[in-house]
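As a basis for the values below, the full set of heavy atoms in this structure was taken, side chains included, without hydrogen atoms, waters or symmetry mates.
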Amino acid sequence: MTLPRVSIQTADFDLSAEVAALRAGDPGVGAVAAFVGTVRDRNPAGYQGQAEAGQVSAMELEHYPGMTERSIEAMIDAALARFDIRAARVIHRVGLLQPLDQIVLVAVTSAHRGQAFQACEFLMDYLKTQAPFWKKETTPEGARWVDARVSDDAALQRWGIEAGGNAG
């Protein structure tokens with residue numbers, strides 16, 4: 001069975017199982033880099049223009065089925081073209097999530113660690129700014145939509161990509 005490169009799902013994921021499946025049957029894999037993002041219960045001061053740090057009780061994510069998967073597939077194609085990697089897998093959860101819940105997995109295999117680390121970071125930077133997800137936080141002050149942060153756009157620019165551009 002071929003592992004899908006992209007999964008958008010409400011269900012949680014198992015990091016160990018995903019990494020094992022990604023590297024299974026490929027004796028050329030010498031490195032696996034993985035990033036797991038989790039929902040925070042607190043945002044720092046300055047986040048989304050807030051003067052003070054704030055609590056987050058929930059995060060709700062929506063996506064545009066089909067379009068989101070195609071966008072992430074294109075990101076993986078760009079990573080394969082830029083870096084000497086063997087495979088990549090992205091899982092992004094949608095729906096209502098609570099603090100401590102896993103929200104995203106980016107895993108990359110390569111012969112060597114440097115390319116795996118770089119490709120994983122590239123994919124995460126791209127995912128944070130370009131993937132079509134809509135995030136709504138619930139705070140004691142009410143619910144609000146979350147915008148991409150300036151620091152996320154700056155992270156993407158170091159790869160030579162302007163916010164709103166493509167990875168090709």
Side-chain angles (χ1 to χ4, degrees), residues 2-15 18-19 21-22 33-44 46-50 54 56-83 85 87-109 116-139 141-168:
T2 303
L3 187 68
R5 297 191 317 173
V6 177
S7 296
I8 309 297
Q9 60 194 44
T10 57
D12 200 5
F13 53 84
D14 180 328
L15 172 63
E18 293 298 334
V19 167
L22 187 63
F35 172 85
V36 174
T38 59
V39 177
R40 293 185 304 259
D41 71 345
R42 191 159 200 75
N43 286 323
Y47 183 80
Q48 300 290 309
Q50 295 178 309
V56 175
S57 58
M59 170 79 72
E60 187 167 1
L61 289 98
E62 298 178 8
H63 77 297
Y64 196 11
M67 184 174 92
T68 303
E69 289 87 343
R70 283 192 301 275
S71 172
I72 297 170
E73 287 281 352
M75 290 179 213
I76 292 173
D77 288 342
L80 286 163
R82 283 176 177 244
F83 305 100
I85 60 172
R89 172 109 165 101
V90 173
I91 299 174
H92 208 298
R93 295 180 66 195
V94 293
L96 186 62
L97 300 171
Q98 306 296 318
L100 301 175
D101 285 348
Q102 296 183 124
I103 191 169
V104 64
L105 166 69
V106 174
V108 176
T109 63
F117 278 131
Q118 287 183 345
C120 188
E121 195 166 15
F122 169 82
L123 284 169
M124 198 58 226
D125 288 343
Y126 197 81
L127 195 59
K128 287 284 288 184
T129 58
Q130 305 299 304
F133 288 101
W134 292 269
K135 299 176 186 175
K136 186 168 50 176
E137 290 180 336
T138 301
T139 70
E141 294 78 35
R144 66 171 176 246
W145 293 101
V146 177
D147 294 326
R149 295 187 297 174
V150 172
S151 61
D152 292 333
D153 290 338
L156 187 64
Q157 287 177 346
R158 74 188 157 119
W159 302 108
I161 302 168
E162 293 295 322
N166 67 47

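- Residues Glu69 and His63 meet the side-chain proximity criterion, which asks for heavy atoms closer than 4.5 Å.
- Annotation: side chain of Asp12 is not in contact with side chain of Asp101 (no heavy-atom distance under 4.5 Å).
- Two residues are said to be in side-chain contact when any heavy atoms from C-beta on lie closer than 4.5 Å; Ile8 and Ile72 meet this criterion.
- Side-chain atoms of Glu60 and Leu97, non-hydrogen and from C-beta on, never get closer than 4.5 Å to each other.
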Test side chain to side chain contact (heavy atoms under 4.5 Å, CB included) on Tyr126 and Val106 and set out the steps.
CA-CA 11 Å; Tyr126 197 81; Val106 174; over 6 Å; no
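- To the nearest 0.5 angstrom, Lys136 atom NZ is 11.5 Å from Met59 atom CE.
- In this structure the side chain of Leu123 never reaches within 4.5 angstrom of the side chain of Phe83, judged on heavy atoms.
- The shortest distance between side-chain heavy atoms of Gln102 and Ile91 does not fall below 4.5 Å.
- Side-chain contact annotation: Thr109 with Arg89, donor-acceptor N/O pair under 3.5 Å absent.
- Using modelled atom types, no side-chain atom of Ser71 and backbone atom of Ala131 make a donor-acceptor pair closer than 3.5 Å.
- The environment of CZ in Phe13 is crowded: more than 12 heavy-atom neighbours from other residues, nucleotides or ligands sit within 6.0 Å.
- Side-chain contact annotation: Glu137 with Thr139, donor-acceptor N/O pair under 3.5 Å absent.
- Looking only at distances, no side-chain donor or acceptor of Thr38 sits under 3.5 Å from a matching main-chain atom of Leu100.
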Audit row: His92, Leu61, side chain to side chain contact (heavy atoms under 4.5 Å, CB included) steps and yes/no:
CA-CA 10 Å; His92 208 298; Leu61 289 98; 3.4 Å; yes
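- No donor-acceptor distance shorter than 3.5 angstrom exists from the side chain of Arg82 to the backbone of Phe122, with no hydrogens or angles considered.
- Put simply, the side chain of Asp77 reaches to within 4.5 Å of the side chain of Arg5, judged on heavy atoms.
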